[in-house]
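These notes concern the structure reproduced below.
Side chains are part of it too, since the values below use all heavy atoms of this structure and drop only hydrogens, waters and symmetry mates.
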Amino acid sequence: SVLWAYEARRMELLRMPKRQPDYRAQRPHASFVRGLGAVLPCRRQFGDALARAIAQRWELVPASLEEAEEAIGRPHRKVTRVLSPDEVG
């Protein structure tokens, strides 16, 4: 995952995973998660550089929002979900 803006309040919403690598040492997310926006000058430049790096290894195919939503709707391993405004509080 790539996190541009770090908000400590939202990090508190993340649950501790049941399984963790030893090096994590039961640390909460806030002890090691950082937002890239704090150290990189421009979100657009980062996105462009990331796309170029990925394209060196895989073929990137532009897709519309509708195509992306359809792909997300296909069966796949789901480990995250979008929280409703009530859950974020």
Side-chain angles (χ1 to χ4, degrees):
S1 296
V2 175
L3 181 65
W4 187 260
Y6 175 85
E7 294 181 38
R9 181 175 69 88
R10 291 182 183 233
M11 288 297 108
E12 294 168 5
L13 298 172
L14 296 174
R15 296 182 183 144
M16 291 289 277
K18 292 178 184 174
R19 293 181 7 191
Q20 298 181 24
D22 291 339
Y23 64 82
R24 180 161 173 182
Q26 299 294 315
R27 294 177 295 153
H29 291 92
S31 72
F32 59 88
V33 175
R34 298 291 175 260
L36 293 175
V39 294
L40 297 175
C42 176
R43 188 175 186 164
R44 167 69 76 158
Q45 287 177 340
F46 170 72
D48 292 346
L50 182 60
R52 284 192 304 274
I54 292 170
Q56 290 179 4
R57 184 160 188 169
W58 294 287
E59 178 184 4
L60 295 178
V61 179
S64 68
L65 178 59
E66 291 77 20
E67 291 169 315
E69 288 174 338
E70 190 273 326
I72 290 170
R74 293 182 200 143
H76 65 284
R77 182 174 173 247
K78 297 176 183 172
V79 295
T80 59
R81 68 182 180 86
V82 176
L83 297 174
S84 71
D86 292 335
E87 292 174 292
V88 174

**Prompt:** If you count the non-hydrogen atoms of other residues, nucleotides and ligands that lie under 6.0 Å from CZ in Arg44, is the total more than 12?
**Reply:** no
**Asked** Between Glu67 and Ala63, which heavy-atom pair has the shortest distance, and what is it?
**Response** OE1-CA, 3.2 Å
**Request:** Linking directly or through intermediates, with side-chain heavy atoms under 4.5 Å: list the remaining ILVMFWY members grouped with Tyr6, chain and number order.
**Result:** Leu3, Met11, Leu14, Phe32, Val33
**Message:** Could you report the tightest heavy-atom contact between Leu60 and Ala51, atom names first, then the distance?
**Reply:** CD1-O, 3.4 Å
**Request:** To the nearest 0.5 Å, tell me how far Arg74 CZ sits from Glu69 CD.
**Result:** 12.5 Å
**Request:** Give a yes or no on whether Arg43 atom CZ has more than 12 heavy-atom contacts from other residues, nucleotides or ligands under 6.0 Å away.
**Result:** no
**Request:** Find out whether Arg24 and His29 are in side-chain contact, i.e. whether some heavy atom of one side chain is under 4.5 Å from a heavy atom of the other.
**Result:** yes
**Message:** Going by the rule side-chain contact (heavy atoms from CB on, under 4.5 Å), which residues pair with Arg15 if we only count those two or more places apart in sequence or in a different chain?
**Reply:** none
